[in-house]
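Small disclaimer: the values here were computed from a predicted structure and weren't measured.
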Amino acid sequence: MKQNRGIKRFLALAGAMLALAALGGCGGAQAPDSVGLANAGYLFREAGETYNLAEDVILEGGEDAELVFSTSDPSVAEISGEGVLTITGEGTAKVTVAAAADEEICAAADILVCDYTGTYTAEKYVDAMGCSVRITLSLAKDGTFSYYRYPMTVNLEGGGRMEGMEDQGTYVSSGNALRFTGDFTGAFSLAFTQDGNGRLSGDTPTGGASTAMEFERNSTESQGEDGVYLGTGERESGEEIAYQLTVESGLYTLALVDPEGAETTISAGSYSFAADGMEFLAEEAGVPFHAAYDPERQAIEGTEIPVTSDSDYEVIPVTLTRQN
């Protein structure tokens, strides 16, 4: 009888151990049905940034499951056992989160670390407006941005001349995108792609509406453009306007020159090279403008160069030639 009682105790204990193992007991962990991440990619600008990836983990069938975090390249990103990501350098890596009980149940996302600040330009013909829309976005390292939609002429019935639209605000990275919050344009989000010099794409406010735009990051490398450029244009009234444009090492000054040779600055700031020319971004004085650049002819040509330091634009074809 005592032997039977011993066997019964053993069988009861074994059953309890099996039950605990099935529930993740005895030091084990129950595997969830699936593991996911809120984003397929994560964008960072520089070493030292941190991000709590654990908050992006999506579990099904095991909310209390133990997880294992890892990265493919610690020289780009490291991650703690609690899922806190720390950026260590530029480049690309992959971050993985897996169930400790079964590491084949996992999810992964790409990490891109690069300096995505700078100026981006997009231009697109919009059927609904009957004209091309051109926009520049300038992203600063302090998390602020400036926006400028160039003047345009809507060629549909009831349309007409639309002056340029300026805005500014802040931006933050979110997954593999940048989220913008402008003073007037409101909130919008653009995906970032490291394609050559960099690219932003997504629905962008254009003034009363939004349209899908694709921005390419401008270049600031010298193209031998430094110098003083002179040229004239004629207003609709017949008045001749004489210009002097000085460009050097990424900075410019645009001035009007009167018949006596006196100069009046109407725009000053920085410039960069877009796919089809130069973007001039006014800072302290004036409004932005863009123009074509021909290094062989040493000429800068524009059709809407400002006449005054406010938004007074006219369609004045101007060819500015560098002076030797």
Side-chain angles (χ1 to χ4, degrees), residues 117-123 132-140 146-153 163-164 166 196-198 215-324:
T117 58
T119 300
Y120 295 75
T121 300
E123 185 167 11
S132 289
V133 178
R134 187 181 186 91
I135 296 173
T136 61
L137 282 172
S138 185
L139 280 57
S146 61
Y147 164 105
Y148 187 68
R149 193 217 66 220
Y150 286 92
M152 57 188 184
T153 301
E163 298 297 337
E166 294 185 79
N197 200 31
F215 294 80
E216 291 196 23
R217 184 159 52 185
N218 296 356
S219 170
T220 56
E221 294 184 7
S222 172
Q223 295 191 20
E225 73 283 355
D226 288 3
V228 177
Y229 296 75
L230 299 178
T232 60
E234 186 174 296
R235 303 187 73 163
E236 293 180 359
S237 63
E239 176 189 1
E240 188 175 84
I241 305 292
Y243 292 96
Q244 176 176 291
L245 175 66
T246 303
V247 296
E248 183 176 4
S249 303
L251 299 177
Y252 82 92
T253 302
L254 177 68
L256 294 182
V257 183
D258 68 19
E260 285 72 38
E263 300 173 11
T264 301
T265 298
I266 59 173
S267 187
S270 62
Y271 67 87
S272 58
F273 292 93
D276 59 347
M278 300 173 71
E279 301 292 327
F280 297 87
L281 299 178
E283 295 173 357
E284 295 298 329
V287 292
F289 62 99
H290 69 94
Y293 173 60
D294 187 335
E296 294 184 2
R297 294 169 48 223
Q298 296 188 329
I300 296 175
E301 298 176 303
T303 59
E304 294 191 354
I305 291 179
V307 176
T308 70
S309 59
D310 56 24
S311 59
D312 183 10
Y313 270 76
E314 288 187 16
V315 180
I316 304 177
V318 179
T319 298
L320 302 165
T321 305
R322 185 162 62 184
Q323 306 302 293
N324 294 325

For [X] and [Y], indicate whether the former's side chain and the latter's backbone hold a donor-acceptor pair under 3.5 Å.
X    : Y    : answer
S222 : G224 : yes
R322 : D226 : yes
R217 : N197 : yes
Y271 : G250 : yes

Donor-acceptor side-chain pairing of Y252 and E225 below 3.5 angstrom: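 Result is no, nothing qualifies.
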Pair N218, T119: side-chain N/O donor-acceptor within cut-off below 3.5 Å: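 Looking only at side-chain atoms, T119 and N218 do not form any donor-acceptor pair under 3.5 Å.
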Atom pair [atom1] ([X]) and [atom2] ([Y]), whose distance is rounded to the nearest 0.5 Å:
X    : Y    : atom1 : atom2 : result
Y243 : I300 : OH    : CD1   : 13.5 Å
E239 : E234 : CD    : CD    : 9.5 Å
L230 : L320 : CG    : CG    : 8.0 Å
T136 : E123 : OG1   : CD    : 11.5 Å
T253 : F280 : OG1   : CZ    : 11.0 Å
I305 : S267 : CD1   : OG    : 10.0 Å

CD (Q323) with more than 12 external heavy atoms under 6.0 Å: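 Yes.
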[X] and [Y]: which non-hydrogen atoms are nearest, and at how many Å?
X    : Y    : answer
P306 : I266 : O-CD1, 3.2 Å
Q223 : P295 : O-CB, 4.4 Å
Y150 : I135 : CD1-N, 4.4 Å

Hey, are the side chains of [X] and [Y] touching, using non-hydrogen atoms and a 4.5 Å cut-off?
X    : Y    : answer
S146 : L281 : no
L137 : Y147 : yes
V133 : M152 : yes

Reference residue Y229; test side-chain contact (heavy atoms from CB on, under 4.5 Å); the match among V247, T246, T319, T321: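 Of all the options given, the one that passes is V247.
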Step-by-step side-chain contact (heavy atoms from CB on, under 4.5 Å) determination, E301 to D294: CA-CA 8 Å; E301 298 176 303; D294 187 335; 5.5 Å; no
Parallel, tilted or perpendicular: rings of Y293 and F273 (30°, 60°):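 The rings of F273 and Y293 sit tilted, inter-plane angle from 30° to 60°.
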